[in-house]
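Everything numeric here is computed off the predicted structure, so don't read it as measured data. One is the number of the first residue; the rest follow in order along the sequence.
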Amino acid sequence: MRMTTNANRRVTDEQIERARSIDLVQFLQQYEPPGELKRIGQSWTLKSHDSMRISADGRWNWFSQHKGGGDAIGFLQAVHGMSFQDAVRTLAGEDFKTIPATQAEHRAKPPERAAFALPPKNNGNRRVFAYLHRSRGIAAEIINHCIKNDLLYEDAQHHNAVFVGKDENHNARYAFLRGTLTASHFRQEATGSDKSYGFFLRGSGKTLFVCEAAIDALSIATLRKFDGLDWKKDNYLALGGVTASERKLPVALERTLNNFSFKRVVLCFDNDAAGQTAARRIFTMLRQQFPENLEVRTCVPEVKDFNDQLCVKLQNGKNSPSRGTRESTLSR
């Protein structure tokens, strides 16, 4: 990728907004030279800068240079030496012509999605059940419900928990793998996963709880069960991370809203900067797109996330009072 030379060309607010909504990883996958972007676990690095780490939500850290940021504009400024204006124009789609001609042909067509296949199942789910129930506090009834409906299982090779996302015909289209050892930080989507099909626990009612991760979704279902509510009536969607775009809903949420009818959406994201920025922006978009027929609320955990909230409640006793009014949205 070459930097442009006229650093003083003015950019509009619309161009800046469009540039800030760009998914950094998707942009690099399409416009960096083949092999430059490399996957490392749940993050990415660059072949030419191996101290770089880029997360799925667009945050990046260039450890050797002590630089980092949260959007693609800053990335192009730091790594490719672009001015703010040139970075915005590149991301807004106006300076892609600066890519060398030898690479343009390769990039004209986006790479095809790798074939998706679920990891082979283990003969049983003992380790997954023990991890989710004993270590993460998820109710046994909810774990068994997910296993029975092929939304959760233990993979044969590494005994990871596999959370499955299905399409409207109940075919698996997405899978997220989570390590089951207490000290494990392994998290990874299965190759070829389609993020527009998140982990979705379908209920009979009209309320949708939207979470970052599948374990958070199961934790919210468990919290509602502990409050004496019928958790099976509600719907729980895990996005597989969050996006801070101001212009486009997360693809899994958009598809779910297009295929099912809800009266109420509750955004249940992590109590950190990324989670709450995403919650505010998604809240605004939902209110704009569904001004009359959809009630939109947010619910923020008192601690880092809703699994931590569940674990705190278990430590204090199932029937202990909520830690604050923020959790009260789950009891309605």
Side-chain angles (χ1 to χ4, degrees), residues 42 55-57 128-129 131-143 145-146 151-152 160-165 174-180 184-189 193 195 197-203 207-227 229 231-232 234-244 250-253 256 264-280 282-283 296-315 322-324 326-332:
Q42 280 294 97
S55 65
D57 60 7
V128 163
F129 185 93
Y131 169 72
L132 293 176
H133 184 55
R134 296 176 187 171
S135 299
R136 308 306 290 265
I138 309 299
E141 177 187 0
I142 295 172
I143 299 171
H145 176 86
C146 292
L151 296 173
L152 170 67
N160 295 310
V162 182
F163 298 94
V164 181
Y174 172 89
F176 186 86
L177 284 67
R178 177 67 167 87
T180 54
S184 173
H185 297 287
F186 176 76
R187 300 176 180 86
Q188 183 173 303
E189 292 177 343
S193 287
K195 283 187 75 73
Y197 298 96
F199 175 82
F200 181 42
L201 187 55
R202 178 77 170 135
T207 296
L208 174 66
F209 291 94
V210 183
C211 311
E212 297 185 30
I215 288 179
D216 289 326
L218 300 185
S219 298
I220 288 173
T222 301
L223 286 166
R224 290 179 64 74
K225 174 181 169 63
F226 288 169
D227 283 334
L229 301 170
W231 66 270
K232 288 185 179 180
D234 297 313
N235 305 271
Y236 309 87
L237 173 67
L239 303 177
V242 291
T243 176
V251 287
L253 177 57
T256 302
R264 187 165 171 256
V265 170
V266 183
L267 304 175
C268 304
F269 295 161
D270 289 0
N271 189 8
D272 58 19
Q276 293 312 297
T277 297
R280 288 192 297 271
I282 294 171
F283 180 94
V296 185
R297 291 185 174 271
T298 60
C299 187
V300 186
E302 286 288 326
V303 284
K304 178 184 179 296
D305 58 41
F306 279 99
N307 185 249
D308 285 349
Q309 185 93 12
L310 171 61
C311 291
V312 167
K313 192 157 190 172
L314 287 170
Q315 289 171 3
S322 168
R323 286 174 56 84
R326 286 175 165 177
E327 194 186 321
S328 63
T329 309
L330 300 182
S331 301
R332 295 181 48 195

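Residues N307 and I138 form a side-chain contact, since some pair of their non-hydrogen atoms from C-beta on lies under 4.5 Å apart. A heavy-atom distance below 4.5 Å is not found between the side chains of F209 and L201. Looking at heavy atoms from C-beta onward, D308 lies out of side-chain contact with P301 at the 4.5 angstrom threshold. Residues F306 and L310 form no side-chain contact, since every pair of their non-hydrogen atoms from C-beta on lies 4.5 Å or further apart. The shortest side-chain heavy-atom distance between K313 and E302 does not fall under the 4.5 Å cut-off. Side-chain atoms of V265 and F283, non-hydrogen and from C-beta on, never get closer than 4.5 Å to each other. Side-chain atoms of I220 and D234, non-hydrogen and from C-beta on, never get closer than 4.5 Å to each other. Using a 4.5 Å heavy-atom cutoff, the side chains of F176 and I215 are not in contact.
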In sequence, state the C-alpha distance, the side-chain angles, and the governing distance for L132 and I142, and then conclude on side chain to side chain contact (heavy atoms under 4.5 Å, CB included). CA-CA 10 Å; L132 293 176; I142 295 172; over 6 Å; no
Could you go through the side chain to side chain contact (heavy atoms under 4.5 Å, CB included) check for D305 and E212 one step at a time? CA-CA 9 Å; D305 58 41; E212 297 185 30; over 6 Å; no
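Judged by distance alone, with hydrogens and angles left aside, the side-chain atoms of N235 form a donor-acceptor pair with the main-chain N or O of T207 at under 3.5 Å. The backbone N or O of C211 sits nowhere less than 3.5 Å from a side-chain atom of Y236 that would complete a donor-acceptor pair. The backbone N or O of G240 sits less than 3.5 Å from a side-chain atom of K195, completing a donor-acceptor pair. In terms of modelled atom types and a separation under 3.5 Å, the side chain of T222 and the main chain of A139 share a donor-acceptor contact.
Residues passing the side-chain contact (heavy atoms from CB on, under 4.5 Å) test with R280, sequence neighbours excluded: Q276, T277. Scanning for ring pair (Phe, Tyr, Trp, His ring centres under 6.0 Å) contacts around F163 gives F199, with sequence neighbours left out. Judged as a salt bridge (Lys or Arg N to Asp or Glu O under 4.0 Å), and not counting sequence neighbours, D216 has no contacts.
A252 and L239 make their closest contact through CB-CD2, 4.0 Å (heavy atoms, listed as atom of the first residue, atom of the second, distance). In terms of heavy atoms, G137 sits closest to L314 at CA-CD1, 3.5 Å. When all heavy atoms of N160 and G179 are compared, the closest pair comes out as OD1-CA, 3.3 Å. In plain terms, the two heavy atoms of C311 and R136 that are nearest each other are SG-O, 3.8 Å. Minimum heavy-atom separation, A214 to A238: N-CB, 3.4 Å. When all heavy atoms of L152 and A161 are compared, the pair lying nearest together is CD1-CB, 4.3 Å.
Taking NZ of K232 as the start and CZ of R224 as the end, the distance is 14.5 Å to the nearest 0.5 Å. Interatomic distance, Q309 CD to C299 SG, rounded to the nearest 0.5 Å: 7.5 Å. Distance check: L208 CG to R264 CZ gives 10.5 Å after rounding to the nearest 0.5 Å. To the nearest 0.5 Å, the span separating OG1 on T180 from CZ on F129 amounts to 14.0 Å.
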